[in-house]
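See below for the structure under consideration.
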Amino acid sequence: MKYCSDCGANVTLRIPPGDTLPRHVCASCGTIHYQNPKIVVGAIPEWGERILLCRRAIEPRHGYWTLPAGFMENAESTAEAAARETLEEACARIEVGALFTLISVPHINQVHIVYRARLLDLEFGPGEESLEVGLFEEKDIPWDDIAFRTISLTLRHYFEDRRRGSFGTHNASITLPPMATIP
């Protein structure tokens with residue numbers, strides 16, 4: 001960030017009084033510009049023993065499979081975001097159920113929230129951001145072609161919970177693997 005979005009003056013990176021982290025602070029009007037994590041929200045749309053997946057038509061991870069999910073918008077709840085993203089990406093209507101996973105991804109400043117959901121009908125198809133969508137049983141999940149680690153982790157928890165016959169809420173953090181040492 002170089003300029004203040006309030007007055008247009010230059011900003012500097014410094015620790016404001018009473019804070020502990022460097023922030024972009026306007027040299028003219030004093031506005032502190034906080035940068036916070038983005039929230040990604042999605043759903044596990046269920047139909048019997050199958051779940052709905054989308055094959056991505058956009059980057060990142062074009063051509064890979066994912067649950068319907070995306071960035072939360074202002075003025076919506078997380079459940080509303082899950083329903084909207086499912087409608088946008090899979091043209092599917094859902095009843096949003098219980099919170100299933102809450103996964104922090106600090107190295108990219110994101111938090112991923114996924115709900116269990118019930119498909120309301122079998123009228124679905126690819127939205128603008130999807131190449132195709134489909135219902136998958138566990139044995140047919142394209143594990144090697146899952147787009148994101150958060151989705152893979154969510155799916156693994158889902159199928160483990162289903163086998164156990166009891167669904168819980170899973171909280172995790174995904175970090176970058178340790179850097180290899182250079183000889």
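Please read all numbers here as calculations on a predicted model, not as lab measurements.
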Testing the basics here: between [X] and [Y], what is the closest heavy-atom pair and its distance to 0.1 Å?
X      : Y      : answer
Ala147 : Thr66  : CB-CB, 4.3 Å
Gly168 : Asp161 : N-OD2, 3.1 Å
Ala79  : Val96  : O-CG2, 3.6 Å
Cys26  : Cys29  : SG-N, 3.2 Å
Ala43  : Pro45  : O-CD, 3.1 Å
Gly30  : Val25  : O-CG1, 4.1 Å

Practice task
Return yes if some donor-acceptor pair links the side-chain N/O of Glu89 with the main-chain N/O of Ala69 below 3.5 Å, else return no.
Solution key: yes
Practice task
Please confirm whether the backbone N or O of Arg93 pairs with a side-chain atom of Asp121, one donor and one acceptor, at under 3.5 Å?
Solution key: no
Got [X] and [Y] here, is their nearest side-chain heavy-atom distance under 4.5 Å?
X      : Y      : answer
Ile108 : Pro37  : no
Ile44  : Thr154 : yes
Ser173 : Pro106 : yes
Leu135 : Leu122 : yes

Handout entry: side chain to side chain donor-acceptor pair (under 3.5 Å) partners of Arg56, counting only residues at least two apart
Key = none
Can you measure from [atom1] ([X]) to [atom2] ([Y]) and round to the nearest 0.5 angstrom?
X      : Y      : atom1 : atom2 : answer
Ile39  : Asn109 : CD1   : CG    : 12.5 Å
Leu67  : Ile151 : CG    : CD1   : 4.5 Å
Asn10  : Ser28  : CG    : OG    : 9.5 Å
Ile113 : Thr150 : CD1   : OG1   : 11.5 Å
Ser152 : His157 : OG    : NE2   : 10.0 Å
Met72  : Thr78  : CE    : OG1   : 5.5 Å

Problem - Candidate pair Leu155 and Ile51, rule side-chain contact (heavy atoms from CB on, under 4.5 Å), full reasoning - result: CA-CA 10 Å; Leu155 291 172; Ile51 62 167; 3.3 Å; yes
Practice task
Would you please test Ile103 and Leu153 for side-chain contact (heavy atoms from CB on, under 4.5 Å) and show each step?
Solution key: CA-CA 9 Å; Ile103 303 173; Leu153 180 60; 3.9 Å; yes
Salt bridge (Lys or Arg N to Asp or Glu O under 4.0 Å): pairs with one or both residues in [range], sequence neighbours excluded:
range           : result
residues 6-22   : Asp19-Arg23
residues 58-76  : Glu76-Arg84
residues 99-114 : none

Restricting to salt bridge (Lys or Arg N to Asp or Glu O under 4.0 Å), what partner residues turn up for [X], sequence neighbours left out?
X      : value
Asp145 : none
Glu160 : none
Glu80  : none
Arg156 : none

Report whether [X] and [Y] are members of the same hydrophobic cluster (ILVMFWY, side-chain heavy atoms less than 4.5 Å apart, transitive linking).
X      : Y      : result
Leu102 : Phe148 : no
Leu99  : Val41  : yes
Ile146 : Val105 : no

Exercise for the section: List in chain and number order the residues that pass ring pair (Phe, Tyr, Trp, His ring centres under 6.0 Å) with Phe167, two or more places apart in sequence or in another chain; answer none if no residue qualifies. Expected result: Tyr158
Handout entry: Qualifying ring-ring contact (aromatic ring centres under 6.0 Å, His included) pairs with a residue from residues 87-123, counting only residues at least two apart or across chains
Key =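 Residue pairs passing ring-ring contact (aromatic ring centres under 6.0 Å, His included), neighbours aside: Phe100-His170.
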Practice task
For residues 26-70, pull every pair meeting ring-ring contact (aromatic ring centres under 6.0 Å, His included), keeping only residues two or more places apart or in separate chains.
Solution key: Trp65-Phe136
Problem - Nonpolar side-chain network containing Phe71, other nodes, edges under 4.5 Å - result: Val40
Handout entry: Residue pair Val11, Tyr3: steps toward the side-chain contact (heavy atoms from CB on, under 4.5 Å) verdict
Key = CA-CA 5 Å; Val11 297; Tyr3 304 103; 5.8 Å; no
Problem - Ile94 vs Arg118, side-chain contact (heavy atoms from CB on, under 4.5 Å): CA-CA, chis, key distance, verdict - result: CA-CA 5 Å; Ile94 59 172; Arg118 183 177 65 84; over 6 Å; no
Exercise for the section: Taking atom CG of Asp144 as the centre, report whether more than 12 heavy atoms of other residues, nucleotides or ligands fall under 6.0 Å from it. Expected result: no
Practice task
Salt-bridge test for Arg50 and Glu137: reply yes if a basic N is under 4.0 Å from a carboxylate O, no otherwise.
Solution key: no
